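Just so it is clear, the structure is predicted and the values come from calculations on it, not from any experiment. Just so you know, residue 1 is the first one in the sequence shown, and it goes up from there.
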Amino acid sequence: MGYPTIFPTGTTLYKKEKAYSGYTIFPSARGALLIDMNGREVQLWAGLGGFPNKILPGGYVFGTTGTRPGKYAYQDQIDLVQVDWDGNIVWKFNKNEYVEDEGYEPSWQARQHHDYQREGSTVGYYYPGGTPKTSSGNTLILTHENVHNPNISDKLLIDDKIIEVDWDGNIIWSWKASDHFEELGFDEAAKNTLYRNPGIHGDAGGDWMHINNFATLGENKWYDGGDERFHPDNIIFDARNSNILAIIEKSTGKIVWRLGPDFNENEATRKLGWIIGQHHLHMIPKGLPGEGDLLVFDNGGEGGYGVPNPASANGVNNAHRDYSRVLQFNPVTLEITWQYTPLEAGFFLFSDASKFYSSYISSAQRLPNGNTLITEGSDGRLIEVTPEHEIVWEYINPYFKTAFGGKFSNNMIYRAYRVPYEWIPQLEHPEEINIEPIDIETFRVPGSVVGKGLGKFTEVEGVDPFKRQTTGGSSDDEETVDSCIVTIKKSDVMKS
């Protein structure tokens with residue numbers, strides 16, 4: 001995909017009569033940023049980290065303060081905090097591990113990464129009946145713990161651990177991925193590859209699973225119908241490095257539902273297609289359209305362990321796909337019930353599939369009106385799409401962060417959330433103004449001009465100058481493009 005150096009940022013499209021209007025929170029290069037639908041920056045918690053940021057009712061925001069430095073660190077956050085509207089820390093957790101890294105002062109650290117969840121809500125976004133507590137309650141936190149487990153690898157592992165802490169910061173429940181290795185479905189080829197190279201990050205260890213999201217299931221129709229795998233207290237998660245999606249039985253810690261890492265496992269998984277490097281798997285909460293189905297941002301890119309192939313000489317990240325999908329599917333039958341792919345985005349040619357593509361981070365949120373807020377994270381793009389796949393709101397992050405001495409910069413957004421206006425009582429209801437899309441054929445920056453009418457108009461003998469042109473196929477009518485759309489099957493384009 002080509003990437004222009006100059007492009008509009010902020011809100012570039014807004015159809016207020018079709019969108020679910022509210023405030024959107026996301027981590028920016030400046031801090032935790034809250035915007036309205038027209039892109040007005042209504043609040044910035046300057047410097048507050050976001051892995052991710054989440055808004056709570058009453059204008060509270062979750063975030064992080066400090067990232068673990070040094071060669072033993074990999075994505076560890078030091079303090080997980082809840083901050084009020086005025087920037088005061090009203091809750092903090094860091095007493096997960098006392099860290100004594102060489103060259104640094106010993107300190108208590110949360111080692112939080114990727115996700116957390118406050119009691120009262122099953123997911124990090126608004127749904128009817130879901131009200132996260134702000135002055136009490138337990139908090140589930142995704143953390144790291146270094147372990148040695150010779151059944152997995154002879155190398156140091158960065159293990160994913162989920163802990164539950166009470167309001168005072170006491171750890172009252174925990175679960176570690178490495179304790180359940182034999183329940184995760186790795187075949188012998190994957191185990192052999194994983195043993196040799198469990199995703200090593202220098203002295204920090206091997207990030208063998210890379211769980212990047214979790215959520216409790218909450219009330220759902222599957223449990224109401226007698227399926228114990230979907231108990232409301234159970235925890236769903238996904239792991240991008242291993243291409244695994246799973247549900248933990250909270251009472252025992254066992255894996256009671258799993259998808260991946262091998263998507264050739266049966267006819268249902270083959271029909272669903274390979275889910276690779278995914279993010280933000282969760283069950284759509286009760287009260288929202290699609291409730292009970294699973295929603296996930298299927299990144300593509302690379303992931304998994306297995307037999308070496310031309311794209312993976314050592315068998316690490318041996319599954320590849322160069323476009324993304326947002327999938328909504330039935331967790332029992334695995335039938336896709338809604339999706340947003342390059343086809344739904346309007347990119348019907350094989351060469352255009354990568355125009356909807358974020359190989360890392362990203363998310364999808366179901367909104368109360370049935371629309372879906374999608375974070376196409378790697379390019380800092382947020383879109384709200386209708387069930388019919390119409391984009392009714394688009395926002396491009398205008399803030400870029402540099403890395404590696406300024407050589408590289410990007411405007412990535414890890415994950416964004418939309419909340420209703422009433423969750424922020426400190427603000428008056430903002431004015432909502434429709435934003436029509438710019439005509440990119442005629443839009444020019446200052447100093448440039450629209451080319452029509454400036455040069456000599458020369459007709460070519462035997463050619464109708466006003467007839468739509470195509471770049472291939474038949475040259476005798478205008479049906480070429482339309483016929484291509486009809487004849488290319490979705491299943492052909494979506495194969496990995």
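For the ring pair (Phe, Tyr, Trp, His ring centres under 6.0 Å) test, residues two or more places apart in sequence or in another chain that qualify with W175 are H180, F237. The ring pair (Phe, Tyr, Trp, His ring centres under 6.0 Å) search around Y421 returns Y23, H429, not counting sequence neighbours. Under the ring pair (Phe, Tyr, Trp, His ring centres under 6.0 Å) criterion, W173 pairs with no residue, sequence neighbours left out. For N170, the side chain to side chain contact (heavy atoms under 4.5 Å, CB included) partners at least two apart in sequence or on another chain are D166, D168. Residues that satisfy the ring pair (Phe, Tyr, Trp, His ring centres under 6.0 Å) test with F62, not counting sequence neighbours, are Y116.
Considering every non-hydrogen atom in both N38 and E431, the closest pair reads OD1-O, 3.5 Å. Shown here for R415 and P52, the closest heavy-atom pair between the two residues is NH1-CG, 3.8 Å. H280 and N212 get closest at one heavy-atom pair: N-OD1, 3.9 Å. Of all non-hydrogen atoms in V326 and F356, the two that sit nearest each other are CG2-CZ, 4.2 Å. For the pair S178 and V147, the tightest heavy-atom approach, listed with the atom from each and the gap, is OG-CG2, 4.1 Å. The minimum heavy-atom distance between A177 and I211, with the atom names listed, is CB-CD1, 4.5 Å.
Residues D160 and H210 have side chains that never bring a donor and an acceptor to within less than 3.5 angstrom of each other. When only modelled atom types and interatomic distance are considered, D79 and N94 share a side-chain donor-acceptor pair under 3.5 Å. Side-chain contact check for R418 and N371: no donor-acceptor pair (N or O, by modelled atom type) lies under 3.5 Å. Side-chain atoms of H201 and Y72 form no donor-acceptor pair, as typed in the model, at a separation below 3.5 Å. Side-chain polar atoms of S362 and E376 form no donor-acceptor pair below 3.5 angstrom. Using a 3.5 Å distance cut-off with no hydrogens or angles, the side chains of T337 and Q328 do pair a donor with an acceptor.
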Stepwise side-chain hydrogen bond (donor to acceptor under 3.5 Å, both in side chains) test for S378 and S358: CA-CA 5 Å; S378 63; S358 176; 3.3 Å; yes
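Using the six-membered ring where Trp is involved, Y340 and H389 have ring planes that are tilted, between 30° and 60° apart. A tilted orientation is assigned to the rings of F186 and W208, their planes being inclined by 30° to 60°.
Separation of the W45 and W85 ring centroids falls under the 6.0 Å cut-off.
Between K254 and E249, no side-chain nitrogen of the basic residue sits less than 4.0 Å from a carboxylate oxygen of the acidic one, so the salt-bridge criterion is not met. Between E145 and K176 there is a salt bridge, since a side-chain N of the basic residue sits under 4.0 Å from a carboxylate O of the acidic one. Electrostatic pairing of E183 and R258 does not count as a salt bridge here, judged by no charged N lying under 4.0 Å from a carboxylate O. The existence of a salt bridge linking E164 and K250 is confirmed by a sub-4.0 Å separation between a basic side-chain nitrogen and an acidic carboxylate oxygen. Residues K54 and D115 are paired through a salt bridge, judged by an N-O separation under 4.0 Å between the basic side chain and the carboxylate. Ionic pairing of R229 and D227 is present here: one or more N-O contacts between side-chain nitrogen and carboxylate oxygen are shorter than 4.0 angstrom.
Heavy atoms from other residues, nucleotides or ligands lying under 6.0 Å from CD of E119 number more than 12. Within a 6.0 Å radius of CD in E428, no more than 12 heavy atoms belonging to other residues, nucleotides or ligands are found.
Annotation: cation-pi geometry satisfied between R366 and W338 (NZ/CZ under 6.0 angstrom from ring centroid, within 45° of ring axis).
Under the side chain to side chain donor-acceptor pair (under 3.5 Å) test applied with H113, the options Q75, H144, R68, Q77 reduce to a single match, H144.
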Got a list of side-chain donor-acceptor pairs under 3.5 Å for residues 259-268, not counting sequence neighbours?
unit_1: D262; atom_1: OD1; unit_2: N264; atom_2: N; d: 2.9
unit_1: N266; atom_1: OD1; unit_2: A268; atom_2: N; d: 3.0
unit_1: N266; atom_1: OD1; unit_2: T269; atom_2: N; d: 2.9
unit_1: N266; atom_1: OD1; unit_2: T269; atom_2: OG1; d: 3.3

